[in-house]
Amino acid sequence: MSKAIIISKTGGPGVLEWKEHDPGRPGPGEVLLRHDAVGLNFIDVYHRTGLYPVAESPFIPGLEGAGIVEAVGSGVTEVDLGDRVAYAGVPMGAYAEKRLIPAHRLVLLPEEIPTTQAAAMMLQGMTARYLIRGCYPVSAGDTILVHAAAGGVGLILCQWARHIGAKVIGTAGSEEKAALARANGCEFPILYNHEDFPQKVKEITGGQGVDVVYDSVGQATFMKSLDCLRPMGMMVSFGQSSGSVPAFDPGILAAKGSLFLTRPSLMAYTARRKDLLDHAKDLFDHVLHGAINIRVGQTYPLADAALAHTALEARKTKGSSILTI
Ligand SMILES: NC(=O)c1ccc[n+]([C@@H]2O[C@H](COP(=O)([O-])OP(=O)(O)OC[C@H]3O[C@@H](n4cnc5c(N)ncnc54)[C@H](OP(=O)(O)O)[C@@H]3O)[C@@H](O)[C@H]2O)c1
């Protein structure tokens with residue numbers, strides 16, 4: 001018998017209970033995966049609180065992990081027994097020592113990438129990849145605004161954009177986070193708790209506005225982010241760490257300069273296996289060539305997932321966080 005974090009009712013971090021759990025044997029197309037580490041992501045909080053409803057109850061949260069293939073079901077062609085693999089996305093169930101997972105969601109890890117590093121970067125790194133290559137293809141010379149620039153997605157996004165040759169403006173919640181963002185490609189960090197960020201963006205861009213805003217903070221930043229864009233600029237609203245964005249009149253997009261708006265998800269951008277493999281390969285290449293450094297800012301035992309959630313919601317984390325077995 002192995003153990004897992006199980007949620008029987010939604011609520012605060014206290015609903016994350018460490019319990020015995022039998023993952024079962026792999027069926028056709030499935031593998032049994034023994035996790036070395038599991039990724040901590042803000043979406044885990046939305047599932048825990050019920051902001052994103054989960055159809056089953058009780059359920060095991062978590063969408064990201066890395067480890068070793070321990071058993072293989074019939075018809076599996078993507079991986080073999082003993083392979084080092086990682087994944088990000090549905091089906092949920094990562095907060096477990098061992099889990100069953102469809103083999104087509106797994107990616108083989110290059111030798112040089114440890115499983116602990118993989119667990120920190122698959123979800124946030126592939127997100128950065130689709131944001132920067134899919135939602136708005138960032139080019140050298142573009143100016144971009146990244147909110148929560150010292151966060152998990154934020155730090156990877158800043159490094160990737162800088163590597164492409166973009167000018168990166170970012171927001172951060174403290175001096176320490178601003179310094180970390182600056183060290184990772186964010187040339188112009190703004191302390192958005194104290195400074196008027198649209199005004200600062202205007203100053204930095206000489207009144208032009210940015211080509212794209214990557215906004216994961218949501219309610220607290222959404223409307224002001226629209227004021228940071230150049231005419232026909234792209235607003236990418238990809239999260240709501242501060243709360244959901246309220247409904248609004250699309251006419252506002254016209255009034256603010258014929259803006260574009262998208263609300264994307266990693267699941268759609270990596271739903272097809274080819275897309276999943278392309279995203280993972282591009283991420284691995286950038287990490288292996290040193291263009292992107294994955295910062296594991298916090299490590300917690302999986303059994304203490306409640307502590308990890310408390311820190312993430314309290315804005316205490318920097319970079320990526322992992323839960324180890
Ligand atoms: N759509 C997708 O495909 C996708 C994929 C991955 C992640 N996401 C979203 O991207 C966001 C970032 O995810 P992450 O895992 O990398 O988390 P993260 O950015 O490491 O952590 C959240 C950060 O948001 C900032 N924040 C601002 N207001 C906040 C508030 N009221 N409560 C908590 N945090 C607040 C904090 O940074 P400061 O202290 O610097 O303000 C905090 O550290 C999340 O909203 C997540 O849902 C979306």
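Because the structure is a prediction, the values reported are computed rather than measured. Just so you know, ligand 1 is whichever comes first in the structure, and atom 1 is the first atom listed for that ligand.
Ligand 1 has at least one atom lying under 4.0 Å from a heavy atom of Arg263. In this structure, Ala220 does not count as a contact residue of ligand 1, since none of its heavy atoms falls inside 4.0 Å of the ligand. Ligand 1 lies less than 4.0 angstrom from a heavy atom belonging to Pro264. At a 4.0 Å cut-off, at least one heavy atom of Tyr130 sits close enough to ligand 1 to count as contact.
Residues Asn293 and Gln159 have side chains that never bring a donor and an acceptor to within less than 3.5 angstrom of each other. Side-chain contact check for Asp215 and Ser225: at least one donor-acceptor pair (N or O, by modelled atom type) lies under 3.5 Å. Side-chain atoms of Asp282 and His286 include a donor-acceptor pair closer than 3.5 Å. Donor-acceptor pairing under 3.5 Å is lacking for the side chains of Arg133 and Tyr269.
Here the heavy atom of the protein found nearest to atom 31 (N) of ligand 1 is Ser242 CA, 3.4 Å. When only non-hydrogen protein atoms are considered, atom 46 (C) of ligand 1 lies nearest to Phe42 CB, 3.7 Å. In this structure, atom 34 (N) of ligand 1 lies nearest to the protein heavy atom Arg315 CG, 3.3 Å. At the top of the distance list for atom 43 (O) of ligand 1, counting protein heavy atoms only, stands Lys177 NZ, 3.2 Å. When only non-hydrogen protein atoms are considered, atom 48 (C) of ligand 1 lies nearest to Phe238 O, 2.8 Å. Scanning the protein for heavy atoms near atom 14 (P) of ligand 1, the closest one is Gln124 NE2, 3.8 Å. In terms of protein heavy-atom proximity, atom 41 (O) of ligand 1 is nearest to Tyr192 OH, 2.4 Å. Closest to atom 32 (N) of ligand 1 among all protein heavy atoms lies Ser241 O, 3.2 Å.
Where the criterion is an N or O separation shorter than 3.5 Å, residue side chain and backbone included, Thr171 fails it with respect to ligand 1. Residue contacts with ligand 1: Leu266 is placed with a nitrogen or oxygen under 3.5 Å of a nitrogen or oxygen of the ligand (distance criterion only). Of the polar atoms of Leu312, none of the N or O atoms is found under 3.5 Å from an N or O of ligand 1, judged by distance alone. Here's the thing with Ser265: none of its N/O atoms is less than 3.5 angstrom from an N/O atom of ligand 1.
Closest heavy-atom approach to atom 23 (C) of ligand 1 among the candidates Ala148, Ala311, Cys135: Ala148. Of the candidates Ala172, Gly152, Ala181, Ser321, Gly152 brings a heavy atom nearest to atom 18 (P) of ligand 1. When Leu180, Val153, Asn193 are ranked by how near their heavy atoms come to atom 16 (O) of ligand 1, first place goes to Val153. The residue from Gly297, Pro189, Ser216 that puts a heavy atom closest to atom 11 (C) of ligand 1 is Ser216.
Across all their heavy atoms, Ala4 and Ile60 have their closest contact at CB-CD1, 3.8 Å. Summarising the geometry of Leu157 relative to Ala128, their closest heavy-atom pair is CD1-O, 3.9 Å, with the distance given to 0.1 Å.
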Exercise for the section: Walk me through it: do Asp44 and Tyr95 pass the test side chain to side chain donor-acceptor pair (under 3.5 Å)? Expected result: CA-CA 10 Å; Asp44 306 341; Tyr95 282 27; 2.7 Å; yes

Exercise for the section: List the steps, then state whether salt bridge (charged side-chain N to carboxylate O under 4.0 Å, His left out) holds for Glu313 with Arg48. Expected result: CA-CA 12 Å; Glu313 285 176 279; Arg48 193 205 72 221; 2.8 Å; yes

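Tyr300 and Ile5 end up in the same hydrophobic cluster when Ile, Leu, Val, Met, Phe, Trp and Tyr side chains are linked at under 4.5 Å.
Between His147 and Phe197, a ring centre-to-centre spacing shorter than 6.0 Å is recorded.
Here the CD1-CZ distance, from Ile156 to Arg129, works out to 14.0 Å after rounding to the nearest 0.5 Å.
If you run side chain to side chain contact (heavy atoms under 4.5 Å, CB included) between Met1 and each of His21, Glu97, Lys98, Glu20, only Glu20 comes through.
The part of Thr127 lying near ligand 1 is the side chain, judged by heavy-atom distances below 4.0 Å.
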